[in-house]
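Throughout, a chain's letter reflects where its sequence line sits, starting with A, and its residues are numbered from 1. Side chains are part of it too, since the values below use all heavy atoms of this structure and drop only hydrogens, waters and symmetry mates.
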Protein chains: 4
Amino acid sequence: MTTSHRSPRRSERSRRAILDAARDLVVEHGYAKVGIEAIATRAGVGKQTIYRWWPSKGAVVFEAVRALSEDSDGEITLPDTGDLEADLKLVLRATAAEFADPAFDALIRGLTTEMAHDRELAAAYEEHTAALEDAKRQRLRSGQRAGQLSPDADLDLVLELLYAPLFRRWLLRTGPLTADFADRLVEAALRAFAPAAEVSAP
Amino acid sequence: MTTSHRSPRRSERSRRAILDAARDLVVEHGYAKVGIEAIATRAGVGKQTIYRWWPSKGAVVFEAVRALSEDSDGEITLPDTGDLEADLKLVLRATAAEFADPAFDALIRGLTTEMAHDRELAAAYEEHTAALEDAKRQRLRSGQRAGQLSPDADLDLVLELLYAPLFRRWLLRTGPLTADFADRLVEAALRAFAPAAEVSAP
Amino acid sequence: MTTSHRSPRRSERSRRAILDAARDLVVEHGYAKVGIEAIATRAGVGKQTIYRWWPSKGAVVFEAVRALSEDSDGEITLPDTGDLEADLKLVLRATAAEFADPAFDALIRGLTTEMAHDRELAAAYEEHTAALEDAKRQRLRSGQRAGQLSPDADLDLVLELLYAPLFRRWLLRTGPLTADFADRLVEAALRAFAPAAEVSAP
Amino acid sequence: MTTSHRSPRRSERSRRAILDAARDLVVEHGYAKVGIEAIATRAGVGKQTIYRWWPSKGAVVFEAVRALSEDSDGEITLPDTGDLEADLKLVLRATAAEFADPAFDALIRGLTTEMAHDRELAAAYEEHTAALEDAKRQRLRSGQRAGQLSPDADLDLVLELLYAPLFRRWLLRTGPLTADFADRLVEAALRAFAPAAEVSAP
DNA sequence: GCGTAAACGAGACGGTACGTCCCGTCTTGTG
DNA sequence: CACAAGACGGGACGTACCGTCTCGTTTACGC
């Protein structure tokens with residue numbers, strides 16, 4: 001169990017204070033330099049109150065991140081204007097911009113490297129992003145039905161082609177996360193899974 | 001400077017012992033659970049002998065990893081049978097297999113997440129892999145000349161399309177690293193940058 | 001106030017359970033290693049129920065000890081056969097044996113060292129043993145009247161000479177608590193306060 | 001091993017700072033309220049430097065106390081004017097005064113109660129006071145030879161009669177530690193072991 | 001070959017953070 | 001409203017390593 005089970009006895013005030021402290025400290029000093037003690041002190045909370053409800057620093061930060069996106073989570077919908085390429089470019093540009101934001105980077109980078117070592121944390125994160133992944137697949141499927149993707153395209157593979165290069169550039173800082181890069185990724189992926197050329201009718 | 005400058009006074013025996021100890025300990029217990037003290041003890045060496053020549057644990061492990069591939073490093077050549085697709089599949093399958101090897105994984109995973117936080121280490125690693133990257137680019141260019149890739153394909157982008165999905169699957173364990181996956185990556189990338197179809201003259 | 005004021009609302013069942021748990025735990029693990037939480041848990045009681053009625057662990061254990069000797073406390077009478085020496089030897093031998101009993105030792109040792117630091121607890125204990133002290137003094141006075149002690153002997157000093165060496169040997173484990181030791185203490189004290197030798201009239 | 005083995009590597013500066021801090025803190029706040037962390041902080045020392053050389057807080061304070069009396073320790077000699085009673089009164093009065101000194105009390109009280117629970121510490125203390133005990137016994141023996149004590153008096157028992165009442169009054173605060181009390185103890189003990197009355201020569 | 005300066009093993013040092021323990025108080029239902 | 005249950009802020013515990021800093025002791029060069 002990575003995330004904390006709510007309990008009627010639990011102090012909501014402390015929970016919020018811990019998550020806020022964790023978020024702020026990580027943004028300020030970076031994931032690695034933040035410890036449980038610092039979070040507890042900043043939150044005005046005993047260490048035990050953290051250990052009681054979370055198994056690790058990763059779990060706390062993870063929940064802090066999740067709490068950020070929780071408000072708007074009601075329903076995830078990606079743009080669907082009918083133009084798959086345009087829509088994907090919009091989304092990937094936004095993703096690239098997000099990765100390029102220092103505050104977001106500070107929060108998410110440490111969490112990501114932590115997930116590379118902690119399978120439980122990774123599983124929790126996957127669960128958290130499942131809805132978003134689904135929405136992405138839905139949009140691709142819609143494009144597929146509209147004849148903008150090959151009918152037998154593996155949509156998961158398409159997603160990996162779109163996002164993995166972005167992810168790798170961000171994590172390893174091997175290249176800039178520009179709108180142009182996002183555009184070219186979309187173009188390449190769509191070319192790779194373009195529907196077969198039509199045969200002109202006689 | 002991440003790697004150590006050699007000196008005539010330096011004890012080669014200690015250097016080897018430290019690198020071996022670092023490699024073995026990381027493979028045994030994982031990067032995060034290995035500390036400088038443990039490396040020094042296992043190597044039968046004073047801590048200072050490590051701090052004298054390396055700036056961080058990452059640098060030691062990095063050099064330990066580099067030492068592994070140092071023997072065969074004289075000249076890197078990728079297969080070039082004339083069939084770009086076949087050659088790339090060979091290479092990517094090998095890469096996938098390497099990532100799937102537990103010992104390699106243990107060594108390289110911690111180093112990778114460390115690079116995500118330590119720019120110096122990342123720079124050193126990039127330098128170390130520059131030759132290999134070059135070789136990959138060369139093979140693509142050769143294929144390009146042979147008409148198996150569009151003349152205006154961005155070869156770096158092709159490499160990212162090929163390797164980033166592999167990297168991400170490996171790091172985040174989001175999917176299996178099979179030969180089939182490697183094949184499909186190669187096929188997709190080549191389709192994305194296929195040369196323009198010839199228009200038959202009427 | 002060291003001891004608890006009784007109240008009609010108070011649960012006698014809880015009170016007994018707490019005292020029993022305290023006694024048992026102290027005998028099992030020693031005074032220092034027993035905490036309020038352990039007592040509460042063993043007694044099947046909330047911590048607050050302890051804090052509501054007792055000010056400290058010392059007070060609980062003290063009352064637990066007192067409860068042991070409460071049954072027989074109606075009237076304290078020391079033996080008075082007319083032979084002071086014999087009677088005192090009997091009593092001191094019994095005291096020595098009591099100190100030598102491991103269960104008694106475990107209970108009383110921690111309480112004693114606590115009293116060395118907590119004046120309130122010490123006062124409460126003194127009050128508790130006042131009747132016994134009185135009885136001892138009575139027996140000495142009786143012997144004094146019978147001409148077995150000097151008429152101007154300071155009976156409190158006699159008691160200190162009798163009991164302090166026993167107490168010190170027990171607390172600091174500086175010697176065995178044997179019947180022989182008890183006997184020799186009695187003999188020495190009585191010699192020290194023997195009535196003046198009669199001068200035979202010529 | 002309760003006390004610390006000296007080592008050439010050991011920092012004398014740290015050792016002194018720790019003992020001084022321990023002594024001062026105990027005198028200021030009392031044994032029970034002083035912890036290892038406070039000692040380390042006051043001494044400007046890492047906790048580990050304490051744990052490296054001492055097994056417990058008791059051992060540190062014990063050594064701090066011992067260090068106090070170390071200077072004058074060359075040779076212990078008790079006064080021997082030929083008048084045993086006068087000499088003993090001098091010594092016991094001094095002891096009573098020492099116990100009554102608040103700074104000494106603070107230091108020694110906690111240590112004493114600790115010894116009641118920690119046999120190792122008690123053994124170390126006994127060793128430390130062995131020379132003094134010997135000197136006391138010597139003085140008694142000298143008085144014995146001078147015909148001021150019965151030839152078959154058990155000198156250890158005499159010492160217990162002299163010191164135990166003082167000790168008990170001090171520890172349990174059951175009476176004042178006055179010069180008068182010291183005098184009366186000496187008188188009582190000497191009466192108890194007075195040599196047999198001489199037979200007047202005809 | 002012989003000083004001498006470095007690099008060495010060893011490990012003590014001042015620190016920081018860990019995760020656990022228990023304190024005494026506070027809060028939340030239940031009987 | 002006393003009770004059981006137990007969460008809470010607080011803070012000390014003893015451990016593990018960090019990176020720095022002496023200690024003698026090799027060791028291999030320049031004289």
Side-chain angles (χ1 to χ4, degrees), chain A residues 7-15 17-18 33-41 43-57, chain B residues 7-15 17-18 33-41 43-57, chain C residues 7-15 17-18 33-41 43-57, chain D residues 7-15 17-18 33-41 43-57:
Chain A
S7 146
R9 314 291 306 260
R10 184 168 184 189
S11 159
E12 179 61 17
R13 154 186 264 286
S14 292
R15 188 181 148 273
I18 289 164
K33 294 195 176 175
V34 173
I36 295 281
E37 296 204 331
I39 296 173
T41 301
V45 139
K47 280 200 288 182
Q48 203 57 32
T49 301
I50 299 184
Y51 284 112
R52 185 152 34 232
W53 301 108
W54 290 277
S56 66
K57 178 176 68 164
Chain B
S7 147
R9 312 289 304 248
R10 183 169 183 187
S11 159
E12 179 60 16
R13 155 187 260 288
S14 292
R15 188 182 148 273
I18 289 164
K33 294 194 176 175
V34 173
I36 293 282
E37 297 203 332
I39 296 174
T41 300
V45 139
K47 280 200 288 182
Q48 201 62 338
T49 302
I50 298 183
Y51 283 113
R52 189 157 25 234
W53 303 107
W54 290 276
S56 66
K57 178 176 70 165
Chain C
S7 146
R9 314 284 308 227
R10 184 170 184 185
S11 158
E12 179 60 17
R13 157 186 257 288
S14 291
R15 188 180 149 276
I18 288 163
K33 294 193 176 175
V34 172
I36 293 282
E37 298 201 334
I39 295 174
T41 301
V45 139
K47 280 201 288 180
Q48 200 63 314
T49 301
I50 298 183
Y51 283 112
R52 193 158 19 237
W53 302 109
W54 289 276
S56 67
K57 179 177 68 166
Chain D
S7 147
R9 313 289 308 258
R10 184 168 183 190
S11 159
E12 179 61 17
R13 155 185 264 287
S14 292
R15 189 182 147 273
I18 289 164
K33 294 193 176 175
V34 173
I36 293 281
E37 296 205 332
I39 295 174
T41 301
V45 139
K47 278 199 288 183
Q48 203 57 36
T49 301
I50 298 183
Y51 285 113
R52 186 152 32 231
W53 302 108
W54 289 277
S56 66
K57 179 176 67 164

Self-check item: CD1 on I50(C) to CD1 on I36(C), rounded to 0.5 Å
Solution: 5.0 Å

Quiz item: So, is W53(B) near the phosphate of dA6(E), with a side-chain N or O under 4.0 Å from OP1 or OP2?
Solution: no

Quiz item: So does R52(B) get a side-chain nitrogen or oxygen closer than 4.0 Å to the phosphate oxygens (OP1/OP2) of dC8(E)?
Solution: yes

Practice problem: Applying side chain to side chain contact (heavy atoms under 4.5 Å, CB included), name anything that partners S14(B), two or more places apart in sequence or on another chain. | Solution: S11(B), V45(B), T49(B)

Exercise. Nearest whole angstrom, please: distance from the C1' of dG24(E) to the CH2 of W54(C).
Key: 16 Å

Practice problem: Would you kindly give the CD1-to-P distance between I50(C) and dG6(F), to the nearest whole Å? | Solution: 15 Å

Quiz item: Between S14(C) and dA2(F), is there a side-chain N or O to OP1/OP2 distance below 4.0 Å?
Solution: no

Quiz item: Rounded to whole angstrom units, what separation is found between the CD atom of E12(B) and the P atom of dA6(E)?
Solution: 21 Å

Quiz prompt | Interatomic distance where CZ belongs to R15(C) and C1' belongs to dA2(F) [whole Å] | solution = 16 Å

Quiz item: Side-chain N or O of T49(A) less than 4.0 angstrom from OP1 or OP2 on dG9(F)?
Solution: yes

Quiz item: From dG14(E), dC3(F), dC8(E), pick the nucleotide closest to the side chain of R10(B)?
Solution: dC8(E)

Quiz item: How long is the line joining CZ of R13(A) and P of dC26(E), in whole Å?
Solution: 15 Å

Quiz item: At their closest point, which heavy atom of A17(C) faces which heavy atom of A43(C), and how far apart are they?
Solution: O-CB, 3.5 Å

Quiz item: Got W53(B) and R15(B) here, is their nearest side-chain heavy-atom distance under 4.5 Å?
Solution: no

Quiz item: Whole-Å distance between dC18(E) C1' and I39(A) CD1?
Solution: 13 Å

Quiz prompt | With K57(D) via side-chain hydrogen bond (donor to acceptor under 3.5 Å, both in side chains) - residues at least two apart | solution = none

Quiz prompt | Spacing of K47(A) atom NZ and T41(A) atom OG1 [to the nearest 0.5 Å] | solution = 8.5 Å

Quiz item: Taking protein heavy atoms under 4.0 Å as touching, what does nucleotides 13-23 of chain F look like 5' to 3' if B marks base contact, S marks sugar-phosphate-only contact and - marks none?
Solution: BBBBBBBBBB-

Quiz item: Are I18(D) and W54(D) side-chain neighbours, meaning at least one heavy-atom pair lies under 4.5 Å?
Solution: yes

Self-check item: Closest-nucleotide 5' rank along DNA chain E - winner of S11(B) and S11(D)
Solution: S11(B)

